[in-house]
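Order of the sequence lines sets the chain letters (A, B, ...), proteins ahead of strands, with each chain counted from 1.
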Amino acid sequence: MAEAPNTKEKVVVRFPPSPTGFLHVGGARTALFNWLFARHHGGQFLLRLEDTDRERSEDRFVEDILESLRWLGLKWDGEPVFQSRRIERHKEVAAQLVEKGFAYKCDCTPEALDAYRKECQQKKLPYRYPGICRDKKEVRAPYVLRIRVPDDGETRFADMIRGEITIPNKDIEDWVLVRSDGNPTYNFVVVVDDHDMGVTHILRGEDHINNTPKQAMLYEALGYALPKFAHLPMILGSDRTKLSKRHGAASTLEYRKMGYLPEAMVNFLVRLGWSFGDEEVFTVDKLKSVFSVEHIGKANAIFNTEKLDWLNGIYLREKPSQELSDYMQQYFKEELTFAKSVPAASFVEGVKIIQGKVKNIPELIEQLYCLFGEDPDYDLTALKDAEKAPAKQAISDVSALLDASDFSIEDLEKRIRGYADDKGEKFGKIAKAVRFSLTGGKISPGLFEMISVQGKETVQRRMGRALKALG
RNA sequence: GCCCCCAUCGUCUAGUGGCCUAGGACGUCGCCCUCUCACGGCGAAAACAGGGGUUCGAACCCCCUUGGGGGCGCCA
């Protein structure tokens, strides 16, 4: 049953990656949850590139992120916002903050602070900016802008997943709003941008919980309405730590290369931290109708691809062969050059008889190569010695039998099964010999389907070569 | 060290006080189906971290311990 989207509440969410690296699967899942949340509520899903760290931001990462989202089918609304282009606005708000007395200038040097930080570590004391410049009348450039955090009290906020979260103000330092070079920091701009973009709900990783009170103070200081927060459980690597570059194929697009279908990836990712009773397999449409934060869990999940493989097999099996062929032409063109001269219709037929037996696209391509690539090398160990002579006989008989066949599956089945019956042989034996002649080994798609797809010329040529190999 | 969050099979999870001798899924292992490989079917092993409460009754509520994760930047 499609649940009617809640149209009463306006929903605007955003996904704000920073283009300082590839989009890893944790980020992809955050994007997915946001997108699903927006689609479920008939709201907007905005994209913002947090590229204020000019040193580390790169265009290729922007492209990687956009391409990852496109691949997964997570269409964003409107044009992506580049945070770096909003710096004048950020400075304007910073000035307001100083004017209202919520922020002050600080000329402590990074070196001095580092030394103090080390000292704290040695003494096993918690480090926090000690407030040296809080009441200074005069500061010398270069200086940073710090927010004045109350010494007492606590800051609390509601989390849609975890309930109320409370953090004592004494544990929050007078953090930097604007760097000495004039560039604003993350915790500051994120508030300004989310407000300006009209963001109503923030779904993000649990690693941001500690940033939330800092941001909440700013919302209050600026008189902005506080959005609703939902801190998602994290996806951890197999070593149970936060996902990062060193976790092998952490980049989303790598999974495309590994031959996972986007629908499998989406299905897999959504089940990491979200559930819907006993159901495991979801179409995107179904997700749009049933997704809800209430079913998001609290505990971190380990990224383990066993279930992904299973899901991928399901989606591979179900995908219309023509669509799957097109998909492969789009993303695996290089790998398919061996099939250039194969007629399109035969290629699709080939895909059709293999797609149900593999769990990713490289495996599918490997099998297609067996069908359409170069003739195989014959692995004589595939047949026991005692099987070789009867196999030769069967191969040569079947080859002759095929002269008159129209190569339809029905006709092939009738002829070959008939031959086995006539000979008083088990069909399995004949099949094994024929399979060997066409593949050089013992594994193949269904025999008749394979023969039909390969066609008379290839089949008889390979049979001839097999006979030669058998001596 | 300080702060925050979390805790059910190996993994993803259902479970919101009695329906739980804890359900599903992946993976693993048997068996069946079968022209091979897959698919599919059937079955098995496999978990409430520990200790205290509260209650007639606790996987579920509270506290402590332990364990795990995250955060403590002029990164985002």
Legend entry - Leu364(A) to Gln355(A) - nearest heavy-atom pair and separation: CD1-N, 4.2 Å
Inset, instruction - Give Val176(A) one of three labels, base, sugar-phosphate or nothing, depending on what nucleic acid heavy atoms sit under 4.0 Å from its own. - result: sugar-phosphate
Legend entry - Asn187(A) side chain to Thr185(A) side chain, donor-acceptor N/O pair below 3.5 angstrom: no
Legend entry - Spacing of Glu306(A) atom CD relative to rG27(B) atom C1', expressed in whole Å: 4 Å
Legend entry - Pairing partner (Watson-Crick or G-U wobble, both distances under 3.5 angstrom) of rC72(B): rG1(B)
Inset, instruction - Can you see which heavy atom on Pro233(A) is nearest to which on Ile296(A), and at what distance? - result: CD-CG2, 3.9 Å
Legend entry - Pairwise P distance for rA44(B) and rU8(B), with rounding to whole Å: 25 Å
Legend entry - Phe407(A) and Phe448(A) aromatic centres sub-6.0 Å: no
Legend entry - Given rG1(B), rC5(B), rU36(B), the nucleotide with the shortest approach to the side chain of Ile209(A): rC5(B)
Legend entry - base_contact_polar (rC35(B) base, Arg435(A) side chain, donor-acceptor, <3.5 Å): yes
Legend entry - Partner of Thr20(A) by side-chain contact (heavy atoms from CB on, under 4.5 Å), out of Glu50(A), Arg56(A), Glu58(A): Arg56(A)
Distance-only donor-acceptor hits, side chain of residues 274-281 of chain A, under 3.5 Å, sequence neighbours excluded:
| unit_1 | atom_1 | unit_2 | atom_2 | d |
| --- | --- | --- | --- | --- |
| Trp274(A) | NE1 | Ser292(A) | O | 3.3 |
| Glu279(A) | OE1 | Lys286(A) | NZ | 3.3 |
| Glu280(A) | OE1 | Arg271(A) | NE | 3.1 |
| Glu280(A) | OE1 | Arg271(A) | NH2 | 3.4 |
| Glu280(A) | OE1 | Lys307(A) | NZ | 3.2 |
| Glu280(A) | OE2 | Arg271(A) | NH2 | 3.2 |

Inset, instruction - Please state the P separation for the pair rG24(B) and rA14(B) - nearest whole angstrom. - result: 15 Å
Legend entry - Sugar-phosphate, base or nothing in reach of Pro445(A), heavy atoms under 4.0 Å: base
Legend entry - Phe268(A) and its ring-ring contact (aromatic ring centres under 6.0 Å, His included) partner, picked from Phe303(A), Trp310(A), Tyr255(A): Phe303(A)
Legend entry - Euclidean distance, atom NZ of residue Lys307(A) to atom C1' of rC9(B) [Å, nearest integer]: 13 Å
Legend entry - Contact list for residues 171-191 of chain A, test ring-ring contact (aromatic ring centres under 6.0 Å, His included), sequence neighbours left out: Tyr186(A)-His208(A)
Inset, instruction - Return the nearest nucleotide to the side chain of Pro110(A); candidates are rC74(B), rG24(B), rC6(B). - result: rC74(B)
Inset, instruction - Check the distance between rC37(B)'s C1' and Gln355(A)'s CD and give it to me in whole angstrom. - result: 15 Å
Inset, instruction - Answer yes or no for Arg146(A) and Tyr129(A): cation-pi contact, defined as NZ/CZ to six-membered ring centre under 6.0 Å and angle to ring axis within 45°. - result: yes
Legend entry - Phosphate OP1/OP2 of rC35(B) contacted by Arg417(A) side-chain N/O (<4.0 Å): yes
Legend entry - Phosphate-side-chain proximity, Arg128(A) and rC2(B), N/O vs OP1/OP2 below 4.0 Å: no
Inset, instruction - Using the P atom as the reference point in each nucleotide, state the distance between rG68(B) and rC12(B) in Å, no decimals. - result: 16 Å
Inset, instruction - Considering only atom P, compute the distance from rA38(B) to rG27(B) and round it to an integer number of Å. - result: 12 Å
Inset, instruction - Between rA59(B) and rU21(B), how far apart are the C1' atoms? Round to whole Å, please. - result: 14 Å
Inset, instruction - Indicate whether the side chain of Asn360(A) and that of Tyr260(A) have a donor and an acceptor atom separated by less than 3.5 Å. - result: no
Inset, instruction - Using the C1' atom as the reference point in each nucleotide, state the distance between rU54(B) and rG69(B) in Å, no decimals. - result: 30 Å
Inset, instruction - Sticking with atom P, work out how far rG23(B) lies from rC9(B), rounded to a whole angstrom. - result: 14 Å
Inset, instruction - Let me know, please, whether Arg56(A) or Lys124(A) comes out on the 5' side of the other along RNA chain B by nearest nucleotide. - result: Lys124(A)
Inset, instruction - For Ala31(A) and Leu69(A), work out which heavy atoms get closest and say how close. - result: CB-CD2, 3.7 Å
Inset, instruction - Determine: side-chain N/O of Thr185(A) to OP1/OP2 of rG73(B), distance under 4.0 Å, yes or no. - result: no
Legend entry - Protein-to-nucleotide contact annotation, 5' to 3' order, nucleotides 42-49 of chain B [B base; S sugar-phosphate only; - none; under 4.0 Å, heavy atom]: --------
Legend entry - Working for side chain to side chain contact (heavy atoms under 4.5 Å, CB included), residues Arg162(A) and Ile165(A): CA-CA 7 Å; Arg162(A) 293 156 212 278; Ile165(A) 295 174; 4.2 Å; yes
Inset, instruction - Nearest whole angstrom, please: distance from the C1' of rC35(B) to the NZ of Lys432(A). - result: 11 Å
Inset, instruction - Find which nucleotide of RNA chain B each of Lys170(A) and Leu113(A) is nearest to by heavy atoms, and output the residue with the more 5' nucleotide. - result: Lys170(A)
Legend entry - Lys/Arg-Asp/Glu bridge criterion (N-O < 4.0 Å) met for Glu63(A), Arg60(A): no
Inset, instruction - For each nucleotide in nucleotides 63-71 of chain B, reading 5' to 3', give B when a protein heavy atom comes within less than 4.0 Å of its base, S when such contact involves only the sugar-phosphate, and - otherwise. - result: ------SBS
Inset, instruction - Report yes or no: is there a donor-acceptor pair, N or O only, under 3.5 Å between the side chain of Ser180(A) and the base of rC74(B)? - result: yes
Legend entry - Residue pair His201(A) / Val13(A): nearest heavy atoms and the distance that separates them: O-CG1, 3.6 Å
Inset, instruction - Name every residue in residues 420-431 of chain A that has at least one heavy atom under 4.0 Å from any atom of RNA chain B, in order of residue number, or write none if there are no such residues. - result: Phe427(A), Gly428(A), Ala431(A)
Legend entry - Spacing between His231(A) atom NE2 and rC5(B) atom C1', to the nearest angstrom: 10 Å
Legend entry - No-H, no-angle donor-acceptor pair, Lys357(A) side chain to rC39(B) base, under 3.5 Å: no
Inset, instruction - Give, ordered by number, those residues of residues 150-166 of chain A having at least one heavy-atom distance below 4.0 Å to an atom of RNA chain B; if nothing qualifies, reply none. - result: Arg162(A), Ile165(A), Thr166(A)
Legend entry - Any Ser275(A) side-chain nitrogen or oxygen under 4.0 Å from OP1 or OP2 of rA14(B): yes
Inset, instruction - Sort out the partner of rA49(B) for me: Watson-Crick or G-U wobble, both distances under 3.5 Å, none otherwise. - result: rU65(B)
Inset, instruction - Give a yes or no on whether the backbone of Leu203(A) and the side-chain of Asn34(A) come within a donor-acceptor separation of less than 3.5 Å. - result: yes
Inset, instruction - Please determine if a side-chain N or O atom of Arg117(A) lies less than 4.0 Å away from the OP1 or OP2 oxygen of rC74(B). - result: yes
Legend entry - Heavy-atom donor-acceptor pair, Arg14(A) side chain to Arg48(A) backbone, under 3.5 Å: no
Inset, instruction - Classify the nucleic acid contact of Glu280(A) as base, sugar-phosphate or nothing, counting any heavy atom under 4.0 Å across all strands shown. - result: base
Legend entry - Ring centre gap for Phe37(A) and Phe45(A) strictly below 6.0 Å: no
Legend entry - Watson-Crick/G-U partner (both atom distances under 3.5 Å) of rA44(B): rU28(B)
Legend entry - Pairwise P distance for rU66(B) and rC31(B), with rounding to whole Å: 48 Å
Inset, instruction - Rounded off to whole Å, could you give me the CG-to-C1' distance for the Asp309(A) and rC12(B) pair? - result: 14 Å
Legend entry - Interatomic distance where CD1 belongs to Ile172(A) and C1' belongs to rC2(B) [whole Å]: 13 Å
